[in-house]
Amino acid sequence: MNKLFNISLFFIMFILLIACSNENIEKVNFYKTESFSESEAEKSSLIEITDTKTINNLRKAFNSAKKQPGIVDMVSPEYKVNIGEKSYLLWISEKSGTIMDVEDTHTIYSLSNESIKSINELITSKFDK
């Protein structure tokens, strides 16, 4: 009986974990920024992304970013990105990409080369029109 209970409990927890991790995100907002202050995001620079494939690629890029050790001392970010309930600051160039969770400004994460290329293409196509 105890074994059956443990298996059932494991199965329920597994289902809950899967359900919670698959948050249905319908849009991603990109803003050009001037500073770390959330109120400084240029509302006129809002780019709203609703394409499911693009949203999934952005989620993958941000979720796979690698945490960097050390003390963080960053210049003002170039972009603010809202993905579902999470907000990030983004610094990006052709060769590097860094994100920071707005709720943890003491930690940065580096984007992969593939993610940098993908995000640069997205930004170029949306902001440089």
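When reading the values below, keep in mind they use all heavy atoms of this one structure, side chains included, and skip hydrogens, waters and symmetry mates. Remember, predicted model here, so these are calculated numbers, not experimental data.
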Any side-chain heavy atom of [X] within less than 4.5 Å of one from [Y]?
| X | Y | result |
| --- | --- | --- |
| Val81 | Val28 | yes |
| Phe30 | Asn82 | no |
| Tyr79 | Lys32 | yes |

Looking only at atom types and distance, does a side-chain atom of [X] sit under 3.5 Å from a main-chain N or O of [Y], one as donor and one as acceptor?
| X | Y | result |
| --- | --- | --- |
| Gln68 | Lys66 | yes |
| Glu48 | Lys27 | no |
| Trp91 | Ser96 | no |
| Asn120 | Ser93 | yes |
| Ser115 | Leu111 | no |

Could you tell me which non-hydrogen atom of [X] sits nearest to which non-hydrogen atom of [Y], and how far apart they are?
| X | Y | result |
| --- | --- | --- |
| Gly84 | Ile25 | N-CG2, 3.8 Å |
| Met100 | Ile108 | CE-CG2, 3.7 Å |
| Glu94 | Ile116 | O-CG2, 3.7 Å |
| Asp101 | Tyr88 | CA-CD2, 3.9 Å |

(message) Using 0.5 Å steps for rounding, measure from the NZ atom of Lys117 to the CG atom of Leu122.
(response)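 Spacing of NZ (Lys117) from CG (Leu122) equals 14.0 Å.
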(request) Give, for atom CD1 of Ile55 and atom NZ of Lys60, the distance between the pair rounded to the nearest 0.5 Å. (result)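 It is 16.0 Å, given to the nearest 0.5 Å.
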(request) Please check if any side-chain donor atom of Asn57 sits under 3.5 Å from a side-chain acceptor atom of Thr54, or the reverse. (result)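 Side-chain D/A pair, Asn57 to Thr54: absent.
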(message) Just to verify, which of Ile92, Leu90, Thr98 counts as forming a side-chain contact (heavy atoms from CB on, under 4.5 Å) with Glu78?
(response)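 Per the side-chain contact (heavy atoms from CB on, under 4.5 Å) rule, the option paired with Glu78 is Ile92, out of Ile92, Leu90, Thr98.
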(request) Check Asn29, Thr33, Leu46 against Lys80 for a side-chain contact (heavy atoms from CB on, under 4.5 Å) and give me the one that passes. (result)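 It is Thr33, the one option of Asn29, Thr33, Leu46 that forms the side-chain contact (heavy atoms from CB on, under 4.5 Å) with Lys80.
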